[in-house]
Amino acid sequence: MDLLNETEVRVLASLIEKESTTPEYYPLSLNALMLACNQKTNRDPVVAYDEDTVSDALDSLRAKRLARPSSAHSRVAKYEHSILEVFNLGRRSWPCSAR
């Protein structure tokens, strides 16, 4: 698997974090994911990604099979990580899974 660039890491980490910390809002819309990436607390470095930057990172993560559009029906497209499936991790072995 190819290495991830800094933007891909931030987007993927934001998806993973929000699944654990705010499961009621997960999967995330593009706007919610952009806000998660750009939040000013618990982020180093603080960034200011626009929707195009996050969308490009999502496209790259989808090509690497690490993120995907959610299959849940919604008016707005939402995205989720697929790291559990890619690395064959069960929910029990996932440390931040509360489900």
Seminar exercise, completed: For S55 and L30, the nearest pair of non-hydrogen atoms, with its separation, is N-CD1, 4.0 Å
For this session: Enter the distance from M34:CE to S29:OG here, rounded to the nearest 0.5 Å.
Result: 9.0 Å
For this session: With rounding to the nearest 0.5 Å, note down the distance linking CG in D52 to CG in D56.
Result: 6.5 Å
Give a yes or no on whether the backbone of [Y] and the side-chain of [X] come within a donor-acceptor separation of less than 3.5 Å.
| X | Y | result |
| --- | --- | --- |
| K64 | L3 | yes |
| R62 | A67 | no |
| S74 | V76 | yes |
| R65 | I83 | no |

Close side-chain approach of [X] and [Y], heavy atoms under 4.5 Å:
| X | Y | result |
| --- | --- | --- |
| V86 | H81 | no |
| N38 | V54 | no |
| F87 | L66 | yes |
| L15 | Y26 | yes |
| L61 | L4 | yes |
| P27 | Y79 | no |
| R10 | Y49 | yes |
| E8 | N5 | yes |

Exercise. With sequence neighbours left out, which residue pairs that include part of residues 68-81 fulfil the salt bridge (Lys or Arg N to Asp or Glu O under 4.0 Å) condition?
Worked result: R68-E80, R68-E85
For this session: Before giving the answer on salt bridge (charged side-chain N to carboxylate O under 4.0 Å, His left out), spell out for E17 and R43 the whole-Å C-alpha distance, their side-chain angles and the decisive distance to 0.1 Å.
Result: CA-CA 12 Å; E17 176 196 34; R43 297 288 188 266; 2.6 Å; yes
Exercise. Between D50 and T53, is a side chain to side chain donor-acceptor pair (under 3.5 Å) present by the stated rule, with each step listed?
Worked result: CA-CA 5 Å; D50 59 18; T53 301; 2.7 Å; yes
Exercise. Under 4.5 Å between side-chain heavy atoms, hopping through other hydrophobics if needed: is there a path connecting L33 to V9?
Worked result: yes
